[in-house]
Structures are given as C-alpha cells and as structure tokens.
Colleague: 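My structure is below; once you've seen it, I'll send some questions.
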Amino acid sequence: MDARPLVVIVGSTASGKTSLAIRLAKKFDGEIISADSRAIYRGMDIGTAKPTVDEQEQIKHWGIDLVEPDERFTVADFQKYANAKIDEIRTRGKISFLVGGSGLYIDSVIFNYEFGDEANEKLRKKLNQMTAEQLQNHCKKHNIPLPENYKNKRYLVRTIERKNVVKNTHQKIRDNTIIIGIQIDKHELRRRIKARAERMFSDELYREAGELLDKYDHELESMKSNVYPIVRRLLGGEISRDEAIHLSETDDWHLARKQMTWFRRNPNIKWLLPDEVEDYLSKKFARY
C-alpha cells in the first residue's frame with residue numbers, strides 16, 4: 001500500500017488556506033483537492049474567491065468548476081470525487097492536500113461517511129412548507145448542526161435531508177491522514193475579510209454577476225449562497241458600493257465563525273500558525 005498520507009488543511013474563509021496549500025504542495029510534491037462547496041460551480045470565480053488562474057497554474061487543483069450553477073451536486077458526490085482523486089494522485093507518487101472550509105465536505109472524506117438513499121419527496125415537501133425559523137428549530141431539536149448559511153431556507157432543507165441520507169458517520173478518521181487547522185487572530189481575520197471584500201467589488205465582479213444573473217434563476221441555491229444577491233442589489237441601485245462591501249464583510253465574518261465552530265468540534269485537528277505548518281509536516285513525513 002502507498003504510504004503517502006492524505007494531508008487535510010482546514011480553516012475559515014480568508015484564513016490563507018489557498019496560499020499555504022500551494023506553498024506546501026510545492027515543497028512536498030503534492031496536488032490540491034478543493035473542499036469548497038462554492039468553488040464547484042463554473043463561472044463563479046471572483047464571487048466565490050476561487051483560486052486564481054495563476055494559482056491553479058502553479059499547482060494542479062482539483063474540485064473546482066465541477067458543475068454548472070443549476071446542477072445538483074451532493075456531499076456524497078463530493079466524497080466519491082475526492083476519494084477517486086486521492087487514489088489517482090497517489091498513483092502519480094504525489095501527496096494529496098485536501099483543502100477547504102466546507103466542514104461537511106471535509107468530514108465526509110476523513111470520517112468515511114456512508115450514504116443511504118436520497119431523501120424522499122414527502123419529506124422535502126414537508127420541509128419546504130416550513131419557515132426558515134421553523135427549520136432552524138427543527139435542526140436544534142434533532143441535534144443537526146446548522147449549515148454555514150443558516151438563514152438560507154434551501155440550505156436548511158438540504159442540511160436536514162442530509163441528516164436522513166447519511167446512514168453512518170464514523171468517529172475514527174481514515175488511516176494515514178494528517179489534519180491541520182490554521183490558527184489566525186480574529187482581528188487579523190476580520191482585517192483580511194474586509195480587505196478581500198474591498199478588492200472583490202470591481203468591474204470584473206459586476207460583469208461576472210451580471211452574466212450569471214441573466215442566465216440563471218435567482219432562487220437557485222448557488223445564486224443565493226454567494227455574494228451575488230448583494231451584487232444584484234448594488235446593480236439595481238438599492239444599495240451603494242460601500243453598503244455592499246459592508247454586507248459582504250458581515251456575511252463572511254458570520255461564515256468564518258460558523259466554520260470555526262464546526263472544526264473546533266474535531267479533536268483530530270492539529271491547530272497551528274501558518275508559519276509552523278511546514279516544519280510540522282516535515283517531521284511527520286520523516287516517519288514515512
């Protein structure tokens with residue numbers, strides 16, 4: 001059996017996962033598998049803070065641009081895709097770096113989730129008749145972790161459906177896996193989120209959003225879970241650029257807190273400062 005480990009890098013949005021993973025993949029001869037539920041959509045580049053073309057050219061990236069914004073892609077789909085890529089990367093004699101902030105995507109791989117049949121239509125109809133607040137209460141009552149975008153009704157419905165789809169979740173992580181969490185000061189993280197929002201609201205984003213808004217139903221989950229609803233309001237004259245930046249910054253800050261709450265529950269994660277990760281992995285790899 002190939003002894004090369006799976007290296008998992010987790011952290012909140014804007015924590016520097018992408019740049020760190022690229023540096024590590026270059027150092028240790030690896031390839032990156034994105035575990036970002038927003039990066040899977042084609043045409044959603046700037047608004048999802050997807051790795052840039054230059055970044056993707058530096059190191060091979062997988063898990064990006066997998067489906068159109070109106071196509072369904074489940075956690076089970078991601079798990080199957082990621083496992084296939086991990087095996088494929090190992091056959092090339094390289095190390096797989098699974099990198100992202102989507103907790104359910106990450107956990108489906110590292111805990112080897114087993115999936116049952118798709119949620120039935122009767123359940124979906126019942127859930128769709130409930131308000132967002134009722135769905136949130138349902139999650140709390142049944143010990144279902146709220147999704148990252150807990151105000152989005154579609155996200156809540158999908159989260160409850162997944163609870164019924166996942167047949168078995170293991171507490172033991174898969175063999176030969178190293179999981180690292182990126183530590184970052186909350187004030188620095190807030191600064192990065194603000195700076196990214198200010199850079200993002202540009203003519204390029206407006207063109208990207210305009211094309212997507214013209215092409216796809218605004219009620220699609222993909223169109224409601226990113227920055228595009230904010231841009232739609234900006235382009236429609238409802239809010240100013242400064243207000244749009246503030247809304248985006250606030251949404252990302254809430255997302256970051258949700259992500260960290262999710263990851264902090266996993267005792268298998270080794271939390272390190274970005275500058276500590278390379279040395280830590282060097283020592284780990286010396287054992288293989």
Side-chain angles (χ1 to χ4, degrees), residues 8-15 17-18 21 32-51 56 61-86 97-111 113 115 118-119 135 139 144-163 165-166 169 179 181-182 193 196 200 208 212 216-217 219-230 248 251-263 265-266:
V8 184
I9 307 292
V10 302
S12 67
T13 187
S15 61
K17 296 185 300 294
T18 297
I32 295 171
I33 304 169
S34 168
D36 185 332
S37 61
R38 302 185 296 181
I40 63 171
Y41 297 116
R42 300 186 192 107
M44 293 185 163
D45 302 328
I46 301 171
T48 61
K50 196 178 291 181
Q56 293 185 50
H61 281 67
W62 303 98
I64 295 173
D65 296 338
L66 301 181
V67 294
E68 298 297 330
D70 58 353
E71 290 184 272
R72 191 161 183 259
F73 190 83
T74 67
V75 179
D77 291 329
F78 176 79
Q79 182 199 56
K80 182 178 180 180
Y81 174 89
N83 283 334
K85 289 304 174 186
I86 291 167
F97 287 85
L98 181 65
V99 183
S102 295
L104 199 55
Y105 274 22
I106 293 287
D107 285 359
S108 73
V109 176
I110 65 175
F111 289 117
Y113 282 6
F115 294 90
E118 291 294 329
L135 291 167
C139 288
I144 302 173
L146 290 173
E148 293 167 358
N149 192 346
Y150 63 92
K151 294 181 181 179
N152 186 308
K153 185 174 175 178
R154 286 175 179 266
Y155 261 47
L156 287 161
V157 170
R158 289 283 297 279
T159 297
I160 295 169
E161 285 184 332
R162 286 169 185 151
K163 179 68 174 180
V165 170
V166 178
T169 59
I179 313 175
I182 300 178
I193 288 173
R196 186 173 70 181
M200 183 180 291
E208 176 178 289
L212 290 165
Y216 296 106
D217 185 344
E219 294 302 309
L220 286 171
E221 181 177 315
S222 58
M223 294 298 294
K224 294 177 70 175
S225 61
N226 299 299
V227 75
Y228 304 107
I230 298 174
S248 176
D251 281 355
D252 273 357
W253 178 243
H254 289 158
L255 170 60
R257 293 177 66 183
K258 289 289 295 180
Q259 289 171 318
M260 292 307 294
T261 297
W262 181 289
F263 291 126
R265 297 179 305 179
N266 186 346

Colleague: Considering residues at least two apart in sequence or located in another chain, which fulfil the side chain to side chain donor-acceptor pair (under 3.5 Å) criterion with Tyr41?
Modeller: none

Colleague: How would you list, by chain and number, every residue that makes a side chain to side chain donor-acceptor pair (under 3.5 Å) with Trp253, sequence neighbours excluded?
Modeller: none

Colleague: Starting at OG1 of Thr18, measure out to NE2 of His61 and round the result to the nearest 0.5 Å.
Modeller: 6.0 Å

Colleague: Identify, with sequence neighbours excluded, every residue that meets side chain to side chain donor-acceptor pair (under 3.5 Å) alongside Asn226.
Modeller: none

Colleague: Would Asn266 and Val10 satisfy side chain to side chain contact (heavy atoms under 4.5 Å, CB included), going step by step from the backbone distance to the final call?
Modeller: CA-CA 11 Å; Asn266 186 346; Val10 302; over 6 Å; no

Colleague: Could you state the interatomic distance from OH (Tyr216) to CE (Met44), rounded to the nearest 0.5 Å?
Modeller: 8.0 Å

Colleague: I'd like to check the side-chain contact (heavy atoms from CB on, under 4.5 Å) partners of Glu71; sequence neighbours left out, ordered by chain and number.
Modeller: Arg42, Val67, Glu68

Colleague: Is any side-chain heavy atom of Tyr228 closer than 4.5 Å to a side-chain heavy atom of Thr48?
Modeller: yes

Colleague: Only counting residues at least two apart or in another chain, list the ones meeting side-chain contact (heavy atoms from CB on, under 4.5 Å) with Ala21.
Modeller: Ile32, Val99

Colleague: Just wondering, do Asp217 and Met223 contact through their side chains at under 4.5 Å, heavy atoms?
Modeller: no

Colleague: Please say which of Ile40, Ile64, Leu66 ends up in a side chain to side chain contact (heavy atoms under 4.5 Å, CB included) with Ser34.
Modeller: Ile64

Colleague: Can you sort out the partners of Glu221 under salt bridge (charged side-chain N to carboxylate O under 4.0 Å, His left out), two or more places apart, ordered by chain and number?
Modeller: Arg158

Colleague: Quick one: list whatever passes salt bridge (charged side-chain N to carboxylate O under 4.0 Å, His left out) with Asp45, sequence neighbours left out.
Modeller: Lys50

Colleague: What is the distance from atom CD1 of Ile110 to atom CG of Leu98, rounded to the nearest 0.5 Å?
Modeller: 8.0 Å

Colleague: Any side-chain heavy atom of Asn83 sitting closer than 4.5 Å to one from Gln79?
Modeller: yes

Colleague: Tell me, please, which residues at least two apart from Phe78 pass ring pair (Phe, Tyr, Trp, His ring centres under 6.0 Å).
Modeller: Tyr105

Colleague: Only counting residues at least two apart or in another chain, list the ones meeting side chain to side chain donor-acceptor pair (under 3.5 Å) with Asp70.
Modeller: none

Colleague: Quick one: are Trp262 and Ile106 in side-chain contact, heavy atoms under 4.5 Å?
Modeller: no

Colleague: Supply the atom-to-atom distance Ile33 CD1 to Lys85 NZ, rounded to the nearest 0.5 angstrom.
Modeller: 8.5 Å

Colleague: Answer whether the closest heavy-atom distance between the side chains of Leu146 and Thr159 falls below 4.5 Å.
Modeller: no

Colleague: Who passes salt bridge (charged side-chain N to carboxylate O under 4.0 Å, His left out) against Asp252, sequence neighbours left out?
Modeller: Arg196

Colleague: Quick one: side-chain contact (heavy atoms from CB on, under 4.5 Å) partners of Asp77, sequence neighbours excluded?
Modeller: Phe73, Thr74

Colleague: Is any side-chain heavy atom of Gln259 closer than 4.5 Å to one of Ser15?
Modeller: no

Colleague: Under the side-chain contact (heavy atoms from CB on, under 4.5 Å) rule, collect the residues that match up with Pro229, sequence neighbours excluded.
Modeller: none

